Protein chains: 4
Amino acid sequence: MVSKQEEVVQLILDTSAKLFEKYGYNNVRISDITRDIGMTTGFFYYHFRSKEQILQMIYENYISGAADAVREIYHIPNLTAQEKLNLLIKRHCKGIRDNHSHVSVFFREYRNLSEEAIKLIQEKNSEYLKYVVKIIEQGVDEGLFKADVNPKMVSLAIIGMCNWIYQWFKDDGEKSIDEVGEIFYRLVTSGLLK
Amino acid sequence: MVSKQEEVVQLILDTSAKLFEKYGYNNVRISDITRDIGMTTGFFYYHFRSKEQILQMIYENYISGAADAVREIYHIPNLTAQEKLNLLIKRHCKGIRDNHSHVSVFFREYRNLSEEAIKLIQEKNSEYLKYVVKIIEQGVDEGLFKADVNPKMVSLAIIGMCNWIYQWFKDDGEKSIDEVGEIFYRLVTSGLLK
Amino acid sequence: MVSKQEEVVQLILDTSAKLFEKYGYNNVRISDITRDIGMTTGFFYYHFRSKEQILQMIYENYISGAADAVREIYHIPNLTAQEKLNLLIKRHCKGIRDNHSHVSVFFREYRNLSEEAIKLIQEKNSEYLKYVVKIIEQGVDEGLFKADVNPKMVSLAIIGMCNWIYQWFKDDGEKSIDEVGEIFYRLVTSGLLK
Amino acid sequence: MVSKQEEVVQLILDTSAKLFEKYGYNNVRISDITRDIGMTTGFFYYHFRSKEQILQMIYENYISGAADAVREIYHIPNLTAQEKLNLLIKRHCKGIRDNHSHVSVFFREYRNLSEEAIKLIQEKNSEYLKYVVKIIEQGVDEGLFKADVNPKMVSLAIIGMCNWIYQWFKDDGEKSIDEVGEIFYRLVTSGLLK
DNA sequence: CATGAATGAGGCTTCATTCAT
DNA sequence: GATGAATGAAGCCTCATTCAT
């Protein structure tokens with residue numbers, strides 16, 4: 001059950017994210033957003049405290065979803081690290097595709113948040129990283145992954161590789177998002193060499 | 001031999017890049033830049049046409065250097081694709097470390113460029129990608145890399161992984177930039193699995 | 001019925017015209033205008049797109065009024081050219097007196113308009129001239145005016161003579177504006193010679 | 001004999017007048033003038049005290065020439081007022097044609113002069129008017145012109161008619177400047193009516 | 001004489017936010 | 001609850017003029 005209120009907020013967030021992605025946060029006016037939706041400025045300020053709050057909510061929404069997902073995956077019982085990694089990469093890629101404009105804004109506009117908001121984001125980011133590291137470590141412990149693997153560096157590599165999708169992935173491109181995930185998973189597990 | 005003029009321009013670019021990185025392009029005033037350097041507004045506008053021109057030059061400088069590097073590496077004779085890949089990844093990582101603030105700006109602020117400038121950047125980006133793809137293809141042709149490798153996706157994975165460094169690498173961190181490059185290289189070539 | 005909006009716009013136009021007349025368009029600041037009226041800068045820009053728009057509207061207002069008037073006079077039925085000329089000269093003189101500051105700006109500041117705006121003005125000017133010429137031609141055709149009269153040159157002479165009023169006419173001067181019109185009319189029709 | 005100095009000054013005045021006419025005094029930069037001539041800013045300021053001084057000199061040059069001319073014409077012995085008027089109109093028209101850009105600037109830009117400069121110009125203008133009035137009065141006294149003629153109003157009419165030429169006269173137009181003068185002279189003396 | 005790099009005050013404009021209705 | 005007219009602080013940029021060389 002979604003209230004009228006929540007619908008309006010979501011509509012504002014989605015529209016804003018699309019505009020922020022296209023033109024940049026600072027180049028989008030409140031009036032651009034309200035015009036696109038067909039509401040008035042006053043109505044906007046009835047639902048949001050400020051322009052920055054849009055940004056904050058875009059960040060919170062995205063990072064919470066992502067952090068929840070990795071935590072869940074990590075805690076699935078009876079799964080090898082390899083299987084978890086597979087799930088993780090595909091989930092991560094899909095998450096970026098599904099929230100494309102939110103993600104783009106997420107990566108580019110955090111300088112426009114207040115310091116507290118930035119600190120909060122960074123904590124969530126660290127948490128995300130922490131769980132990826134844990135999965136890699138599990139693989140090493142299980143003896144599946146090479147013993148000399150550096151879990152943190154590898155995690156950062158994987159996260160980077162996946163995040164970067166937001167820069168180039170297109171729904172009408174050569175590969176579907178799942179295929180991309182599969183290719184990334186294979187690269188990371190087996191490498192390029194024969 | 002570097003002229004006085006060029007020195008001033010470089011100083012402005014470096015100072016601007018640092019400020020843009022820290023606060024975001026739109027949150028930095030021309031007066032912030034000139035105050036930091038100790039010059040007057042007029043002096044700045046004697047050397048630059050506009051604030052946007054700073055951004056343009058930051059972009060051109062970085063992308064040109066990167067595109068030159070990958071082209072060179074590709075054309076080194078008597079090198080296997082594996083060796084070229086090694087060079088490329090390390091060069092790329094180092095490039096990001098050495099131009100950290102420029103790169104951060106590069107990835108985050110291009111919405112503030114004019115359409116023509118954006119188009120130019122995209123072309124250079126494509127060129128960069130093209131050469132990475134060629135190196136991967138060489139590896140496949142040489143029989144070194146797996147035959148079923150998708151060169152473009154793999155290239156995008158590698159580029160993403162390396163680019164992402166700008167988000168987390170710190171000179172006083174656990175690993176040096178060369179070590180990071182080595183870890184990435186091994187991951188990409190051999191994978192995580194035993 | 002005049003809306004609040006239209007009143008504000010008119011007030012801005014009149015105040016601006018007076019200031020432009022006195023100090024020149026380029027020597028008048030937006031803040032001079034708003035201070036004189038007692039409004040804020042923001043309020044001004046809520047009603048006008050730019051400073052140049054003031055100029056454009058001053059031009060459009062004046063020239064439209066003038067062009068309408070001459071067209072009307074030309075089309076009045078059952079009037080000799082001589083009678084029309086009388087009306088025209090007096091109407092023209094009065095128009096300049098009544099819109100003194102607008103007219104002064106009109107004659108002096110068009111270099112500050114955009115090229116398109118200038119072109120538009122010139123077309124309206126040509127239209128004005130066209131109708132004066134037609135009246136003179138009517139007089140020649142009617143056999144009232146000398147057959148060897150050059151309608152265009154004479155029209156330009158009359159228009160110049162009348163326009164020039166903006167340079168010297170004062171309401172507290174020796175002659176009223178109607179008397180000036182009468183003197184001009186007699187000069188043009190009968191000449192100086194006995 | 002013209003010194004190098006005077007040549008430079010004249011060149012600057014002519015070039016400036018042309019640019020001022022085309023773009024308006026305030027829209028022309030000192031650098032525009034110096035670039036057109038091929039001199040440096042420093043060199044300009046070696047010859048001129050300020051930008052305003054250009055304007056002042058343009059004004060002085062033109063108005064002095066015109067005032068001298070009308071005074072001379074008035075004082076030619078053994079000439080009827082009618083003959084003087086003929087000379088005057090033609091001289092005035094030619095003066096405007098020959099100094100077109102100077103005259104345009106003269107009529108449009110005096111708001112950019114200092115108050116003292118403006119006062120000086122107005123005095124010279126009054127002097128010019130005074131002599132035209134005297135010629136008309138002479139005609140009335142001689143019994144050539146109608147007794148009820150208002151010399152001042154008629155003078156202002158003639159001056160306006162002639163001055164206005166700067167707005168429309170073109171060297172490649174239908175009539176030469178002398179023909180225009182002749183037409184104006186006839187209109188003023190004999191009128192339009194048969 | 002001649003240069004041209006350097007100055008810095010000040011103008012036009014934008015836009016997030018408010019609040020009376 | 002909803003509106004949208006009004007605000008006003010602040011930023012980018014210009015350009016006449018100077019002066020060390």
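Atoms considered below: every heavy atom in the structure, side chains included; atoms not considered: hydrogens, waters and symmetry mates. Numbers restart at 1 for each chain; the letters A, B, ... are given by sequence-line order, proteins then strands. This one's a predicted model, so the numbers in the text were calculated from it and none came from an experiment.
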Test side-chain contact (heavy atoms from CB on, under 4.5 Å) applied to [X] - qualifying residues, sequence neighbours left out:
X: A:Ser104; result: A:Glu21, A:His100, A:Arg108, A:Tyr166
X: B:Asn163; result: A:Trp164, B:His92, B:Ile96, B:Phe107, B:Ile159
X: C:Glu60; result: C:Gln56

Task: Sugar-phosphate, base or nothing in reach of D:His47, heavy atoms under 4.0 Å - done: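 It contacts nothing in the nucleic acid.
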Open item on the list: I need the CZ-P distance between D:Phe48 and E:dA2, as an integer number of Å.
Closed with: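 Taking atom P of E:dA2 as the reference, CZ of D:Phe48 is at 15 Å.
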Open item on the list: Rounded to whole Å, please give me the gap between CG in A:Asn112 and C1' in E:dA16.
Closed with: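 Result: 14 Å.
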What residues form a side chain to side chain donor-acceptor pair (under 3.5 Å) with [X], not counting sequence neighbours?
X: A:Glu123; value: none
X: D:Asp32; value: D:Arg35
X: A:Gln10; value: A:Asp14
X: D:Asn112; value: C:Asn27, D:Asn26, D:Glu109

Open item on the list: Tell me every residue that passes ring-ring contact (aromatic ring centres under 6.0 Å, His included) with B:Phe106, counting only those two or more places apart in sequence or in another chain.
Closed with: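 By the ring-ring contact (aromatic ring centres under 6.0 Å, His included) rule, B:Phe106 matches B:Tyr59, B:Tyr62.
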- [ ] Let me have DNA chain F in dot-bracket notation, would you? Count Watson-Crick plus G-U wobble pairs, both distances under 3.5 Å, and use [ ] for pairs crossing earlier ones and | for inter-strand partners.
- [x] .||||||||||||||||||||
- [ ] Provide the closest heavy-atom pair for C:Gly95 versus C:Val103 in the form atom of the first, atom of the second, distance.
- [x]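 Scanning both residues completely, I find the closest heavy atoms to be O-CG2, 4.3 Å.
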Task: Closest non-hydrogen atom pair, C:Leu55 against C:Val105 - done: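 Between these two residues, the closest heavy atoms are CD1-CG1, 3.4 Å.
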TODO: Starting at NZ of B:Lys51, measure out to CZ of B:Phe20 and round the result to the nearest 0.5 Å.
DONE: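 Here the interatomic distance stands at 5.5 Å.
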Task: Spacing of B:Ile63 atom CD1 and B:His102 atom NE2 [to the nearest 0.5 Å] - done: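 With rounding to 0.5 Å, CD1 (B:Ile63) is 14.0 Å from NE2 (B:His102).
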TODO: Could you tell me whether the side chain of D:Lys124 and the main chain of D:Ala66 form a donor-acceptor pair under 3.5 Å?
DONE: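 Side chain of D:Lys124 to backbone of D:Ala66: no pair is present.
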Task: Proximity to DNA chain E (any heavy atom under 4.0 Å), residues of residues 10-37 of chain C only - done: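 Contacting residues: C:Val28, C:Arg29, C:Ile30.
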TODO: List in numerical order all residues of residues 50-58 of chain D for which some heavy atom is under 4.0 Å away from an atom belonging to DNA chain E.
DONE: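 Per residue number, the list is empty: none.
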Show me the protein contacts with nucleotides 7-9 of chain E, counting only N or O atoms at under 3.5 Å.
| residue | atom | partner | partner atom | Å |
| --- | --- | --- | --- | --- |
| E:dT7 | OP2 | B:Thr40 | OG1 | 2.7 |
| E:dT7 | O5' | B:Thr40 | OG1 | 3.4 |
| E:dG8 | N7 | B:Gly42 | N | 3.2 |

